[in-house]
**Q** 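After the structure tokens below, expect a handful of questions from me.
Predicted, not measured: the structure shown is a model, and the values here were computed from it. So you know, we letter chains A, B, ... as the sequences are listed, proteins then strands, and number each from 1.
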Number of protein chains: 2
Amino acid sequence: MEENVSSAGQENGRDHGRDTRSRLRELALQLFAEQGYEKTSLREIAEQLGVTKAALYYYFKSKEDIVRSLVEDYVAQIDDLIAWGKDQPRTAATRAEIVHRYMDIVVNGTEVFRMLQQNQAAVSSLASAKERGELFRERMDSLVDLLAGPDAALRDQIRAASALMSISIGCMHYQRRAADPAELRAALLDVATELADAAPEQAALGPKS
Amino acid sequence: MEENVSSAGQENGRDHGRDTRSRLRELALQLFAEQGYEKTSLREIAEQLGVTKAALYYYFKSKEDIVRSLVEDYVAQIDDLIAWGKDQPRTAATRAEIVHRYMDIVVNGTEVFRMLQQNQAAVSSLASAKERGELFRERMDSLVDLLAGPDAALRDQIRAASALMSISIGCMHYQRRAADPAELRAALLDVATELADAAPEQAALGPKS
DNA sequence: ACCTGAACACCGTTCAAGT
DNA sequence: ACCTGAACACCGTTCAAGT
């Protein structure tokens, strides 16, 4: 597992040469999330870092490998959540717990998730540690199965998927303009837990506002 | 407004030279959606079309301009929906109608929306006919305002946003593996209309399944 | 009107070489 | 261990020129 972006923790106590590798990761994340993965060139990163393009290849074996190192931690956290969920009874309490934990993971890595979301195509062919593609899609499916059950009706699968999407996209989209982050968190959890539980009888014909 | 991808309708009745421009658009959409915008090179497109890279610049003034021409129609349809919604009373019936119309637009252009979703960063700086960036973000905000009201509580804004996201992502994600498209449509509309209406009293503590 | 060939600046990547 | 300089194939774009 890789170190986190914000915490360096190398033995070098200096200030200027303070861990080129972690400065690189921090800068790359910021640029990838802001302007996009493909629109950010290695020359641009190298320049702002004060090194040559070629120097980056000392730390990472490719441009995609930088993304992999940024995403790794969060993929692992989601895998942990899935593993944990598989051992739990399928109750409303478990579903609420899954929703809460998923929220914490996303809140913790908002910048990384924003970057992933904005560069899906560019990043979808990422080979994680083992050999896989489809970085998030199948993990989403696993979480949906945990929430709705593997043989759930289509409608309840969609509710579960919507719950997860509301959390991730809600975080990334509203975090910057919501006055109170705690209020946002509560609102998202509220909507997500409602969705994570099975559908009410018939909802197609909504009541008067 | 641009012609649709599937309907050519030029005066040339031949088969081989049958409208290079529309063949180009069709092929580009397919490749952009499948492998991503940045991973698809103009050389690749030109080769499969049997022309030179430079020939593409006779039809479109840049690579991004191809995307613009693919997206244009759907942006216009959404603008129409927003304009229509602004003249309606804010009732449950109006909300249901907005949700239905939005769904029809997305279903009609699934491939285009999939491509947009997968290449957000690459495409976000697209200058539409007038001069704007932020192709979809602000339109989403407009639709949310129509559904929840401009001074709605954060929770209801999120519900409205989730309703729209469930439809688009649900279409793109489940369309290929859902057995019956009508069932998918019904399920998505069900979830979306439930979300488009205001929240029930308190939902944070879900009932037993 | 429709297309080509050749050139342009830029990109990610490699590699031998320097300290 | 950490980095440079120069080269590679490829990219999107332009443009004069051909039919």
**Q** Please pick, from C/dT13, C/dT4, D/dC3, the nucleotide with the shortest atom-to-atom distance to any side-chain atom of A/S62.
**A**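 Comparing C/dT13, C/dT4, D/dC3 against the side chain of A/S62, the answer is C/dT13.
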**Q** Using whole Å, what does the distance between atom C1' of nucleotide D/dC10 and atom NZ of A/K63 come to?
**A**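 Value for this atom pair: 14 Å.
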**Q** D/dT14 C1' sits how many Å from B/D65 CG, rounded?
**A**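 Result: 16 Å.
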**Q** As an exercise, state the distance from CG of B/D79 to OG of B/S142, rounded to the nearest 0.5 Å.
**A**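 The OG atom of B/S142 is 8.5 Å from CG of B/D79, to the nearest 0.5 Å.
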**Q** Measuring to OP1 and OP2 of C/dC3, would you say a side-chain N or O of B/T20 lies under 4.0 angstrom away?
**A**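 Answer is yes, contact under 4.0 Å.
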**Q** Looking at A/Y58, does any N or O in its side chain come under 4.0 Å of the phosphate oxygens OP1/OP2 on D/dC3?
**A**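 Checking A/Y58 against D/dC3: no side-chain N or O falls below 4.0 Å of OP1 or OP2.
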**Q** Give the rounded distance in Å between these two atoms: CD of B/E47 and P of D/dG12.
**A**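 About 12 Å, once rounded to whole Å.
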**Q** Tell me the interatomic distance from A/F60, atom CZ, to C/dT13, atom P, rounded to whole angstroms.
**A**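 Result: 13 Å.
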**Q** Where the side chain of B/K53 is concerned, which of C/dG12, D/dT13, C/dC15 is the nearest nucleotide?
**A**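 In terms of side-chain proximity for B/K53, the closest of C/dG12, D/dT13, C/dC15 is D/dT13.
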**Q** In whole angstrom, give the distance that lies between atom NZ of B/K39 and atom P of C/dG12.
**A**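 So the two atoms are 13 Å apart, to the nearest Å.
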**Q** Salt-bridged, B/E26 to B/R23, with N to O below 4.0 Å?
**A**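 No, this pair does not count.
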**Q** Does C/dC11 have its OP1 or OP2 closer than 4.0 Å to a side-chain nitrogen or oxygen of A/R43?
**A**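 Answer yes for this pair, as a side-chain N or O of A/R43 is under 4.0 Å from OP1 or OP2.
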**Q** Could you check B/D190, B/D104, B/D180 and say which one makes a salt bridge (Lys or Arg N to Asp or Glu O under 4.0 Å) with B/R185?
**A**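 It is B/D104, the one option of B/D190, B/D104, B/D180 that forms the salt bridge (Lys or Arg N to Asp or Glu O under 4.0 Å) with B/R185.
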**Q** Do B/E64 and A/K39 sit within salt-bridge range, that is, some charged N less than 4.0 Å from a carboxylate O?
**A**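 Between A/K39 and B/E64 there is a salt bridge, with a charged N closer than 4.0 Å to a carboxylate O.
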**Q** Return the nucleotide paired to D/dT14: Watson-Crick means purine N1 to pyrimidine N3 with N6-O4 or O6-N4, wobble means G-U with N1-O2 and O6-N3, both under 3.5 Å.
**A**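 C/dA6 - that is the nucleotide pairing with D/dT14, both distances being under 3.5 Å.
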**Q** Round to a whole Å and report the spacing from OH of B/Y37 to P of D/dG12.
**A**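 Checked: the OH to P distance equals 8 Å.
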**Q** Please determine whether a side-chain nitrogen or oxygen atom of A/Y57 lies at a distance below 4.0 Å from atom OP1 or OP2 of C/dT13.
**A**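 True: A/Y57 side-chain N/O within range (under 4.0 Å) of C/dT13 OP1/OP2.
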**Q** Looking just at side-chain N and O atoms, do B/S168 and B/Q117 make a donor-acceptor pair shorter than 3.5 Å?
**A**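 Per modelled atom types, B/S168 and B/Q117 side chains form no pair under 3.5 Å.
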**Q** Is the phosphate of C/dC11, meaning OP1 or OP2, less than 4.0 Å from a side-chain N or O of A/S41?
**A**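 Result: yes.
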**Q** Rounded off to whole Å, could you give me the CD-to-P distance for the A/E64 and C/dC11 pair?
**A**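 Atom-to-atom, A/E64 to C/dC11, this comes out as 18 Å.
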**Q** Mapping B/A54 and A/K61 onto DNA chain C by nearest heavy atom, which one lands closer to the 5' end?
**A**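 Closest to the 5' end, via its nearest nucleotide, is B/A54.
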**Q** Please report, rounded to the nearest Å, how far the C1' atom of D/dC2 is from the CG atom of A/L49.
**A**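 Interatomic distance, CG of A/L49 to C1' of D/dC2: 13 Å.
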